[in-house]
Colleague: 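Below is one structure. I have some questions about it.
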Amino acid sequence: MQRIAVMTSGGDAPGMNAAVRAVVRKAIYHGMEVIGINRGYNGFIEGDMWPMNLGSVADIIHRGGTVLHTARSKEFTTPEGRAKAYENVERFGIQGLVVIGGDGSFKGAKVFHEEYNLPVVGVPGTIDNDIPGTDYTIGFDTAVNNVVDAINKIRDTATSHERTFVVEVMGRNAGFIALKAGLAGGAETILVPEVPFDINNICNKLMRGVKRGKLHSIIIVAEGAASGLEIGQKIKELTGFDTKVTILGHLQRGGIPTATDRVMASLLGSKAVEVLMNGHTNKVVGVRNSETIAYDLDEVFGKKKDLDTEMLELANILSI
Ligand code: ATP
């Protein structure tokens, strides 16, 4: 394989730049050329792509977001759109494609491979950590640390005013960010979409806490579990407590990637190049039990990654 292309697609995630850097440098190290595709599948269709050299990925390992930019492309979901993208595959002499993104981006890669037989490999990049088959996705660690940082700050003001705080976090239909950040931040209650909850139980726990002298309570709500605003309103109604709601939103996605995200992104980007060099296709790279692995793209689709419910139980016990 002489020339591969790399893109970032779907939602941006801190650490994507470290993955791009790893793909570019690993490929060049092995004598290949790399084409960088701007703006995900939109750039693929429009031919918004350029040859990347060693210097093109200098000074990006510490930057959040993605220097290749990212997009959601309606056109790529149509056969006509993909045909235009294939014209660029031929025009630029691309022999393999690395897609850094979420499961939607991988679906696009799979469809494209089926139609045009271009070898593809996916690198999981999403703060939600919701991709089946891998313990870890790029951006998750930074997002969790961003939430913990926010909880620390909210805790200061919550203690001073003896208030109840509801903090809504991202994660789409999964509770990975809520669970890990909630445990690390010492939250009283963590609501995740994977486990049903009863608002009366939450309020009873809050009132027990107040009785035993707790100065504040922090409730983490995964966006897929409920609306933070509605939970805050209900708590207010049922307990009469002064309850404030913070929706962290896109703050969670930004900022300097943590060392863990940079290291994992470097390992995964490098692994993706190895997969293509070894003549494999339709793979996703990931991490299982601290080992970097490659597995079939099909393992990602139609499944839901399990949440560690033991960790959730522990969080409940520790916040008794
Ligand atoms: P995130 O998890 O951050 O949202 P994602 O990769 O899942 O990232 P999506 O918006 O679902 O984000 O997918 C990214 C792009 O992949 C879509 O905008 C579309 O261009 C392409 N894509 C998704 N599904 C398909 C499909 N079935 N066929 C072709 N292309 C697809």
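Everything quoted here is computed from the prediction, not taken from an experiment. Counting starts at 1 for both ligands and their atoms, following the listed order.
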Colleague: So does Lys304 pair up with Asp306, basic N to acidic O under 4.0 Å?
Modeller: no

Colleague: Tracing side-chain links under 4.5 Å among I, L, V, M, F, W and Y, which residues wind up in one group with Leu191?
Modeller: Val166, Phe197, Ile199, Ile202, Leu206, Met207, Val210, Ile219, Val221, Leu229, Ile231, Ile235, Leu238, Phe241, Val245, Ile247

Colleague: Using the side-chain contact (heavy atoms from CB on, under 4.5 Å) criterion, which residues pair with Asp149? Sequence neighbours excluded.
Modeller: Lys153

Colleague: Can you label the angle between the Phe112 ring and the Phe76 ring as parallel, tilted or perpendicular, going by 30° and 60°?
Modeller: tilted

Colleague: In the hydrophobic cluster built from side-chain contacts under 4.5 Å, what are the other members alongside Ile320?
Modeller: none

Colleague: Could you name the protein residues that come within less than 4.0 Å of ligand 1, counting only heavy atoms, and order them by chain and residue number?
Modeller: Ser9, Gly10, Gly11, Tyr41, Arg72, Ser73, Phe76, Thr77, Arg82, Gly102, Asp103, Gly104, Ser105, Lys107, Gly108, Val111, Thr126, Arg172

Colleague: Test the Lys283-Tyr295 pair against the cation-pi criterion, namely NZ or CZ under 6.0 angstrom from the six-membered ring centroid and within 45° of the ring axis.
Modeller: no

